[in-house]
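Below, all heavy atoms of this structure are taken into account, side chains as well, without hydrogens, waters or symmetry copies. Order of the sequence lines sets the chain letters (A, B, ...), proteins ahead of strands, with each chain counted from 1.
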Amino acid sequence: MNVRTRIAPSPTGYLHVGTAHTALFNYLFAKHSSGVFILRIDDTDPLRSKKEYEDSILRGLKLLGIKWDEGADIGGPYGPYRQSERIGRYRQYIDQLLKQDKAYYCFCTPEELEKERKEQKEKKIPTKYSGKCSHLTKQQKEAFQNEGRKPVVRFRTPQKRIVFRDMIRGDIDVDASLFGDFVIARSDGSALLNFAATVDDIEMKITHVIRGEDFLNLTPRQLLLTEALGHPIPQFAHLSFLYAPDRTKLSKRHGATSVTEYIEMGILPEALVNYLMTLGWSMPKDTSQAKPTDLFGVKEAVLSFTIEAVQKSAPIFDIEKLRWMNGEYIRAKSDKELKELIYQHLSILTREHDALVDKIIPLVKERMKTLAEFMSLAGFFFERPKAFERPLKDAHLKVGRVALESCAWNHDAMEKSIRDAADTAKLKARDLFMEIRIAVTGKTVGPPLLESLEILGKEEILERLNSKI
RNA sequence: GGCGCCAUCGUCUAGCGGCCAAGGACGCGGCCCUUUCAAGGCCGAAAUCACGGGUCCGAAUCCCGUUGGCGCCA
């Protein structure tokens with residue numbers, strides 16, 4: 001069987017890391033079986049859906065290297081892949097169910113339904129639709145229509161137990177009589193998301209539906225609908241949500257939630273993807289390696305990915321581990337690659353800085369956890385420090401200036417001169433180094449000092465020292 | 001409220017009945033290296049496997065219940 005999976009984001013916001021996570025697992029699963037991965041846009045909510053969001057979601061996924069074989073932008077044999085362009089199809093399926101009496105018109109008003117619910121609550125019985133309109137006569141229907149009522153369409157839910165096997169969670173057992181006849185089309189005729197998704201999954205021949213756990217309770221309905229429509233049911237797998245450290249859903253108040261925001265922070269796409277893959281899944285131990293590793297790419301993951309190995313519990317998104325991983329990826333880059341990334345990331349740098357940047361990169365590479373940190377680490381190369389972390393010690397600076405004035409401008413000569421001067425003045429060399437560091441960079445921590453002095457040049461350094469004495 | 005899902009170090013996880021008085025990674029602490037900070041190396045603290053019952057010669061692993069978290073429906 002040819003595996004076909006899909007990600008179906010609603011374009012109501014920028015690409016959320018949780019969506020990227022789900023997309024990634026769909027992709028890994030499909031590609032592990034040489035299957036097809038599809039990108040569908042579920043834009044059934046016209047009020048909240050925006051083209052801008054759709055574009056950014058597509059861009060984000062591409063950036064992460066998650067490529068789809070069929071999708072809203074590139075089409076494919078089962079298109080269109082945008083729900084707003086499929087409305088007519090949903091109508092056809094609704095009519096089919098209506099014709100077969102597997103669905104019916106319900107004329108109940110919201111007020112009537114609310115009243116019904118209230119009564120059920122008072123009697124402490126499960127709240128569900130009573131089925132009041134399930135067997136209306138022709139006359140009754142006409143009477144309602146003459147009143148001007150617009151009916152919704154409800155699915156006639158078979159009263160039975162539904163058992164299905166979730167590839168991650170195992171057997172799930174639900175009693176369909178508990179949720180009753182649910183709505184599949186609004187009074188304006190438009191299909192509800194769950195119905196639309198069911199139809200799309202059928203038409204797009206989706207074999208494995210891998211999605212968020214919020215759909216777990218909706219799956220029995222999809223199963224019933226698929227059955228009623230006369231199609232084979234796909235396999236299901238439900239992934240846990242990603243949570244913030246306070247165990248609530250990742251949201252704006254926890255900081256960055258969208259892929260774009262992480263990229264803007266200077267997280268490399270490969271690092272983000274790698275980190276996301278370790279959330280809920282782990283690379284099987286390689287017996288040839290002494291230690292298992294958290295560091296691996298999509299290609300390797302595709303080889304060993306199995307959905308059964310996915311963790312059931314909900315992971316917490318830990319930005320510290322992401323930052324560590326990003327540092328690993330930065331250090332794995334060649335200096336040249338890193339330079340290009342830095343140019344892309346920091347628009348204030350231009351090619352005229354090229355010679356300088358070439359020299360700086362080896363000094364800061366192993367100190368950076370994000371691309372954005374380049375500037376906080378190396379800013380002093382581009383402009384003189386405006387602020388100083390602490391007041392400077394004049395006596396030390398004078399000794400340091402004298403030592404540097406007279407010596408050749410290379411690492412070893414400077415070191416010797418500074419150490420000798422420290423000895424003569426009965427100062428600790430390390431203190432002398434520190435004062436020079438602060439005078440030159442403004443900070444107590446930073447790249448190696450003597451290498452930095454070499455790069456900035458004697459004239460500039462002496463001026464920086466003089467200005468502080 | 002009804003139903004469903006989940007539960008191993010602070011965090012991500014390994015573990016799928018004996019190899020586990022629980023392994024790795026991030027983070028944290030210490031030491032080494034060192035002109036600072038990193039990077040790197042070494043060492044360490046950190047989970048009575050949520051709790052309580054079973055099943056079994058034997059349970060983190062199977063079953064039941066409780067608690068807590070989350071979700072769906074309303």
Side-chain angles (χ1 to χ4, degrees), chain A residues 113-114 116-118 120-129 162 166 168-180 182-183 194 212-221 238-249 274-285 289-295 308-328 330-331 362-369 373 376-377 389 400 411 414-415 418-419 422 428-438 440-441 443-453:
Chain A
L113 293 172
E114 185 50 46
E116 203 178 280
R117 232 174 272 139
K118 232 176 137 183
Q120 289 170 338
K121 256 191 171 160
E122 278 163 15
K123 288 183 195 156
K124 294 210 188 285
I125 56 175
T127 47
K128 65 165 181 180
Y129 179 60
I162 300 159
D166 184 283
I168 295 172
R169 290 158 201 265
D171 289 340
I172 310 281
D173 193 331
V174 185
D175 186 354
S177 61
L178 254 29
F179 54 77
F182 55 92
V183 178
N194 196 230
E213 61 182 333
D214 47 339
F215 284 96
L216 188 59
N217 289 287
L218 264 15
T219 301
R221 298 170 195 214
H238 293 272
L239 262 20
S240 288
F241 284 139
L242 266 28
Y243 288 89
D246 61 1
R247 299 209 169 266
T248 60
K249 272 174 84 172
N274 188 162
Y275 179 62
L276 253 15
M277 288 191 293
T278 67
L279 261 28
W281 185 74
S282 64
M283 183 63 101
K285 271 186 198 140
Q289 263 181 320
K291 285 183 181 177
T293 181
D294 285 343
L295 299 172
E308 291 78 12
V310 173
Q311 192 85 5
K312 291 181 244 195
S313 54
I316 287 170
F317 192 94
D318 176 14
I319 193 155
E320 278 312 312
K321 187 152 182 178
L322 207 212
R323 285 169 50 77
W324 161 76
M325 207 171 255
N326 201 54
E328 293 284 331
I330 285 177
R331 267 170 265 130
L363 266 42
V364 296
K365 190 169 163 183
E366 65 194 24
R367 283 159 240 265
M368 294 168 61
K369 284 207 165 100
E373 282 168 13
S376 56
L377 248 20
E389 245 180 70
H411 180 287
M414 286 189 273
E415 178 168 13
I418 291 170
R419 286 188 188 283
K428 279 189 191 158
R430 59 188 306 138
D431 294 340
L432 203 42
F433 281 117
M434 184 50 83
E435 291 312 305
I436 296 171
R437 170 181 293 284
I438 297 171
V440 171
T441 72
K443 295 177 182 175
T444 54
V445 303
L449 183 61
L450 295 171
E451 286 82 346
S452 301
L453 300 189

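- Distances from the side chain of A:R437 to the nucleotides B:rC5, B:rU11, B:rU35 place B:rU35 closest.
- Taking a pair to require two hydrogen-bonding distances under 3.5 Å in either a Watson-Crick or a G-U wobble arrangement, B:rA14 remains unpaired.
- Heavy atoms of A:D166 sit nowhere under 4.0 angstrom from any nucleic acid atom.
- Heavy atoms of A:F215 sit nowhere under 4.0 angstrom from any nucleic acid atom.
- Residue-level contact check: A:E328 touches the backbone only, with heavy atoms under 4.0 Å from sugar-phosphate atoms and none from bases.
- Residue A:E366 has its side chain nearest to B:rA38 when only B:rU36, B:rA38, B:rA7 are considered.
- One can place CZ of A:R367 at 8 Å from C1' of B:rA39, the figure rounded to the nearest angstrom.
- Under the 4.0 Å criterion applied to side-chain N and carboxylate O atoms, A:R419 and A:E415 are assigned as salt-bridge partners.
- Nucleotide B:rU11 holds its P atom 5 Å from the CZ atom of A:R247, rounded to whole Å.
- On the P atoms, B:rC28 is 9 Å away from B:rA39, given to the nearest whole Å.
- Applying the Watson-Crick and G-U wobble criteria (two distances, each under 3.5 Å), B:rC9 pairs with nothing in any strand.
- One interatomic measurement links the two molecules: CG of A:L322 to C1' of B:rA25, which rounds to 14 Å at whole-angstrom precision.
- In this structure the side chain of A:L377 never reaches within 4.5 angstrom of the side chain of A:L363, judged on heavy atoms.
- Counting non-hydrogen atoms under 4.0 angstrom, A:R331 reaches the backbone sugars and phosphates but no base.
- Of the candidates B:rA39, B:rG4, B:rC6, the closest approach to any side-chain atom of A:L216 belongs to B:rG4.
- Using a 4.5 Å heavy-atom cutoff, the side chains of A:S240 and A:S313 are not in contact.
- Among the candidates A:N326, A:D294, A:T278, the single residue satisfying the side-chain hydrogen bond (donor to acceptor under 3.5 Å, both in side chains) test with A:K321 is A:D294.
- For the pair A:N217 CG and B:rG2 P, the interatomic distance rounds to 15 Å; values are reported in whole Å.
- Of all nucleotides present, none satisfies the Watson-Crick or G-U wobble test against B:rA39 with each distance under 3.5 Å.
- OP1 or OP2 of B:rA14 lies within a sub-4.0 Å distance of a side-chain N or O belonging to A:Q311.
- Rounded to an integer number of Å, the gap from A:W281 CH2 to B:rG15 C1' is 16 Å.
- Between A:R323 and A:E373, at least one side-chain nitrogen of the basic residue sits less than 4.0 Å from a carboxylate oxygen of the acidic one, meeting the salt-bridge criterion.
- Spacing between B:rC12 and B:rA46 at atom C1', rounded to whole Å, works out to 15 Å.
- Distance check on atom P: B:rU48 versus B:rC32 gives 33 Å, rounded to whole Å.
- Counting non-hydrogen atoms under 4.0 angstrom, A:L432 reaches nothing in the nucleic acid.
- Distance CD (A:E213) to P (B:rA7): 11 Å, rounded to an integer number of Å.
- Taking the six-membered ring for Trp and the full ring otherwise, A:Y129 and A:F179 have centroids separated by 6.0 Å or more.
- Judged by Watson-Crick or G-U wobble contacts below 3.5 Å, the nucleotide B:rC70 has B:rG4 as its partner.
- Using a 4.0 Å heavy-atom criterion, one finds that A:L279 contacts the sugar-phosphate atoms exclusively.
- Taking atom CG of residue A:D294 and atom P of nucleotide B:rU13, one finds them 10 Å apart after rounding to whole Å.
- Pair assignment for B:rC20 gives none, since no Watson-Crick or G-U wobble pairing has each distance under 3.5 Å.
- Contact check for A:S452 versus A:T441: no side-chain heavy atoms found under the 4.5 Å cut-off.
- Comparing B:rG10 with B:rC62, their C1' atoms sit 30 Å apart, to the nearest whole Å.
- Residue-level contact check: A:G280 touches the backbone only, with heavy atoms under 4.0 Å from sugar-phosphate atoms and none from bases.
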(Q) Could you go through A:M325 and A:L295, starting from their C-alpha distance and side-chain angles, then the distance that decides it, and tell me whether this counts as side chain to side chain contact (heavy atoms under 4.5 Å, CB included)? (A) CA-CA 8 Å; A:M325 207 171 255; A:L295 299 172; 3.6 Å; yes

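- Following rounding to the nearest Å, A:N326 (CG) and B:rA25 (P) show an atom-to-atom distance of 20 Å.
- If you check every strand for non-hydrogen atoms under 4.0 Å, A:A429 touches nothing.
- Base-pair partner of B:rC28: B:rG44 (Watson-Crick or G-U wobble, both distances under 3.5 Å).
- Pairing partner, B:rC62: B:rG54, with both Watson-Crick or wobble hydrogen-bond distances short of 3.5 Å.
- Contact annotation: the side chain of A:E328 approaches that of A:R331 to within less than 4.5 Å [non-hydrogen atoms, C-beta and beyond].
- Nucleic acid contact for A:R430: sugar-phosphate only, since backbone atoms but no base atoms lie under 4.0 Å from a heavy atom of the residue.
- Comparing atom distances between the A:K249 side chain and each of B:rG71, B:rU35, B:rA7 picks out B:rG71 as nearest.
- As rounded to the nearest Å, B:rU61 and B:rC56 have C1' atoms that lie 13 Å from one another.
- No engagement by A:P245 is indicated, since no non-hydrogen atom pair under 4.0 Å with the nucleic acid exists.
- Spacing between B:rG23 and B:rC9 at atom P, rounded to whole Å, works out to 13 Å.
- Distance noted for atom P between B:rA38 and B:rA14: 31 Å (whole Å).
- To the nearest whole angstrom, the two P atoms, one in B:rU13 and one in B:rC73, are 26 Å apart.
- Stacking of the aromatic ring of A:W324 onto the base of B:rC26 is not found under the criterion of centres within 5.5 Å and planes under 30°.
- Checking B:rC6, B:rG24, B:rC3 against the side-chain heavy atoms of A:K321 singles out B:rG24 as nearest.
- Using a 4.0 Å heavy-atom cutoff across all strands shown, A:S282 reaches sugar-phosphate atoms only and no base atom.
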